[in-house]
Structures are given as C-alpha cells and as structure tokens.
Amino acid sequence: MTKTMLRFEGYLWESGEFEHIPGWEPERVAHRPEPGDGDYILELVDKSGETIVDVNVDVDFDRESHRRREGMQRTRVVAYLPRHPEGATVVFRHRKRDLFRADLAASPPTIEITSAATTRSGNIQLRWKAAAAANQKLTYAVAYVVDGRGIPLARGLTRRQYTIDTSGLPGGRSTYAAVLATDGFLSSFDTTKRLAVDRKAPVVSIQDPIPGTEFAAGHPISLCGQATDVTGVSLPQKGLVWKVDGETIASGTCLAMVADLGPGNHEVTLEYGGESAPCLVYTSD
C-alpha cells in the first residue's frame, strides 16, 4: 500500500473555468486544507470509472475578491488525494459537472541532477536530465535545503537548468539543493551533494524603544528586538545579548527591562553572533 499523496492545485473562476497548476506527491501534508461543504469534489477513480476515494474541496471566491476578469472572481484551490495503485484518473467536479479531468501516468517521471557547479560569484549552476512516462510534459521545481529547512526557489520551470543565487541564502552545516520533476501529478526528485555556501551575518534590529525616544529618569524601560537570518527567519533567542551603556543587562531573550536609568544619554545595544544594533535614548527628570 502506497503512503504518498497527490497534491491538486489550481485557480477556479466563477464561470467554472479551471486553470490547473502542476502538483506533486508529498510524503506528508504539513497543512491540510479545511474540507468544503460537499459541492466541490475531488475524486480518484479507477479504469472502470469507479470512485476509489474522494475529498470535499473548500472553494471560497471571497478569498481572492480582487482577482477579477470580466466581472468574475477567481479563487485558489488546493486539495490532497491519497494515492492508490489502482487510481487511473483525477476528476474535479462541481456537483455532477466535471470541471477538470486528467489521466494518471503508469509511473512517475525520472530525474537525475547531472551538474552542480559553483561559479566565481558563489552561485550554483544546476543541470539535470529527466524523462516522463508516455511523453508527458514535465515541469520542475528547485529548493534549497539548509540544516533540514527547505527554502523554495522556483516552480514551473520548463528548462533543465537553473542558477541558484546564493547571496540571499543562509549557509549552514548541511546545505544542498533538490530538484523535483512533475508531470502534473506524479513526481520524483533528486538532490545534490553538500554545497559550499558562505554563512551570512545575522540581521539584528531593535523594535522598541525607537531611537531618540525620551523617558523619565528612574522609570523602567521595556526593550524588544530580534535577530534574523538573511531570509528574514528569526534566529534562536539564546544568542541575543542586551547591553545598556556597554553593560550586559540580559541575554537569551528578545524582551528585556532596564530600570533606574539616570538623567542623560544612554545607548541600548542588542547583539547577536558578532553583529549589533545600537539605539540612543534619553532620560530626563
């Protein structure tokens, strides 16, 4: 018994026109969509036309009310079907009317990354070869993986090559790229060996107080800040260090409190991994 799922995705217009976006076979569903009310159904049927499994699809045109064409609204549709060895056709329907129907290939495509070359600028040039069953059209998706975290880079590619711009990607202990080939439903992927990507300095910022803020002397002052990687993802708080006028007052937290500051100018600094963000504040009687 297979344990994979089929990801189904696309855009549905109020007229019933459906624009399919190639999906793939996730081994698990991180965020399963809420089920619909039963008017819209996604089915997996066998060769005889019998339904093997179906799911209620959530369709809400108010979600993308700004997307209009000739007065019509559209909405994004996402659903998952359990893959079954006897599944032959995927059908998306509204009540008794078919909105989309596609036959599944007998086997998934194959893919092999043939080259992952580093350029002088530090970018990674990927090339791969792939083949589909029954000459089906393939599209490709590329992701960068750092220390177990996947960062999607591109989707819907038709060429069998892609250059990864590493200037905006974090380095780590384990870094590699993955390329997925999909025929719209069935998919396969391949990964590179470990890639050499430079570590990027963290981005440290203080949200509160705002530089130049004036406080009454002797009153507690709340401090709030964060450190993110180059992609904007928050880094662990344990590396944060708060200093006031060069003296450490707290560490390992994004929130801190300082009290009993005397009148005058004071420099608040948040540090992380050798990077710092200073903030000058004032206290007066």
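All of these numbers come straight from a predicted model, not from anything done at the bench.
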* Asked: CD1 of Ile221 to OG1 of Thr213: how many Å apart, nearest 0.5 Å?
  -> 9.0 Å

* Please tell me if the side chains of Trp13 and Glu19 come closer than 4.5 Å, counting only heavy atoms from C-beta onward. => yes

* To do: Flag yes if more than 12 heavy atoms outside Tyr144 fall under 6.0 Å of its OH atom; otherwise flag no.
  => yes

* Asked: Should we say atom CZ of Arg127 is surrounded by more than 12 heavy atoms from elsewhere, each under 6.0 Å from it?
  -> no

* To do: Would you mind reporting whether Leu223 and Pro209 have side-chain heavy atoms less than 4.5 Å apart?
  => yes

* So how far is it from Ser48 OG to Glu50 CD, rounded to the nearest 0.5 Å? -> 5.0 Å

* Is Leu138 linked to Leu104 within one hydrophobic cluster, defined over Ile, Leu, Val, Met, Phe, Trp and Tyr using a side-chain heavy-atom separation of less than 4.5 Å? -> no

* Test ring-ring contact (aromatic ring centres under 6.0 Å, His included) applied to Phe100 - qualifying residues, sequence neighbours left out -> Phe8, Phe18, His20

* **Close side-chain approach of Asp190 to Val179, heavy-atom, < 4.5 Å** => no

* **Shared hydrophobic cluster for Leu235 and Trp242 (ILVMFWY, side-chain gaps under 4.5 Å)** => yes

* Structure fact -> In terms of heavy-atom contacts, Tyr80 and Pro26 come closest through CE2-CG, 3.7 Å

* Asked: Got a donor-acceptor contact below 3.5 angstrom from the Thr283 side chain to the Gly262 backbone?
  -> yes

* Structure fact -> Between Ala277 and Ile206, the two heavy atoms sitting closest are O-CD1, 3.2 Å

* Structure fact -> Nearest heavy-atom contact between Arg7 and Val78 is NH1-CG1, 3.9 Å

* Asked: Is a side-chain donor or acceptor of Ser188 paired with a backbone partner of Thr110 at a separation under 3.5 angstrom?
  -> no

* **Cys279 side chain reached by Pro211 side chain, heavy atoms, under 4.5 Å** => yes

* For residues Ser205 and Gln207, is any side-chain donor paired with an opposing acceptor at under 3.5 Å? -> yes

* Indicate yes or no for a side-chain donor-acceptor contact from Thr166 to the backbone of Val197 under 3.5 Å, with no hydrogens or angles considered. => no

* Quick one: does Glu214's side chain have a donor or acceptor within less than 3.5 Å of a partner on Tyr282's backbone? -> no

* Carefully, step by step, assess Arg155 and Leu180 under the rule side chain to side chain contact (heavy atoms under 4.5 Å, CB included). => CA-CA 9 Å; Arg155 185 177 171 189; Leu180 177 139; over 6 Å; no

* With a 4.0 Å cut-off, would you call Glu267 and Lys243 a salt bridge? -> no

* Asked: Same cluster for Leu6 and Tyr40 if Ile/Leu/Val/Met/Phe/Trp/Tyr side chains link at under 4.5 Å?
  -> yes

* For the residue pair Gln73 and Asp62, establish whether any side-chain heavy-atom pair is separated by less than 4.5 Å. => yes

* Reported CD-to-OG1 distance for the pair Glu271 and Thr248, which is rounded to 0.5 angstrom -> 7.0 Å

* Glu247, CD: over 12 other non-hydrogen atoms inside 6.0 angstrom -> no

* Tell me, do Asp103 and Thr89 make a side-chain contact under 4.5 Å, heavy atoms counted? -> yes

* Check each of Val57, Asp60, Leu42 against Val77 using the side-chain contact (heavy atoms from CB on, under 4.5 Å) test, and report the only one that passes. => Val57

* Have Thr119 and Gln125 got a donor and an acceptor in their side chains that come within less than 3.5 Å? -> no

* Structure fact -> Correct closest heavy-atom pair for Ile111 and Tyr140 would be CD1-CD2, 4.3 Å

* Look up atom CG in Leu186 and atom CH2 in Trp24, then write down how far apart they are to the nearest 0.5 Å. => 14.0 Å

* Smallest separation among heavy atoms of Ile151 and Pro170, with atom names -> CD1-CD, 4.1 Å

* **Side-chain heavy atoms of Asp37 within contact of Asn56, under 4.5 Å** => no

* To do: Give the cluster check for Leu99 versus Val59: same hydrophobic cluster or not, with ILVMFWY residues linked at side-chain heavy-atom distances below 4.5 Å.
  => yes

* Asked: With sequence neighbours left out, what residues match Arg93 under salt bridge (charged side-chain N to carboxylate O under 4.0 Å, His left out)?
  -> Glu43

* Structure fact -> Rounded to the nearest 0.5 angstrom, the CZ-CZ distance for Arg76 and Phe61 is 15.0 Å

* Side chains of Ser174 and Asp147: do they bring a donor and an acceptor to under 3.5 Å? -> no

* To do: Begin with the C-alpha distance, continue with both residues' side-chain angles, and end with the deciding distance and a verdict on side chain to side chain contact (heavy atoms under 4.5 Å, CB included) for Thr139 and Thr182.
  => CA-CA 6 Å; Thr139 59; Thr182 175; 3.4 Å; yes

* **Point-to-point distance, once rounded to the nearest 0.5 Å, from CZ of Arg28 to CE of Met5** => 12.5 Å

* Check against side chain to side chain contact (heavy atoms under 4.5 Å, CB included), Leu169 and Leu153 -> CA-CA 10 Å; Leu169 296 174; Leu153 299 180; 4.1 Å; yes

* **Single-linkage hydrophobic cluster, 4.5 Å side-chain cutoff, Leu270 and Leu261 together** => yes

* To do: Using only heavy-atom distances, determine whether the side chains of Arg149 and Thr231 contain a donor-acceptor pair under 3.5 Å.
  => yes

* Asked: Within the distance-only criterion (no hydrogens, no angle test), does the side chain of Thr192 pair as donor or acceptor with the backbone N or O of Ala177 below 3.5 angstrom?
  -> yes

* To do: Measure the shortest side-chain to side-chain distance between Val55 and Leu81 over non-hydrogen atoms and say whether it is less than 4.5 angstrom.
  => yes

* Structure fact -> Residues Leu44 and Pro82: closest non-hydrogen pair is CD2-O, 3.5 Å

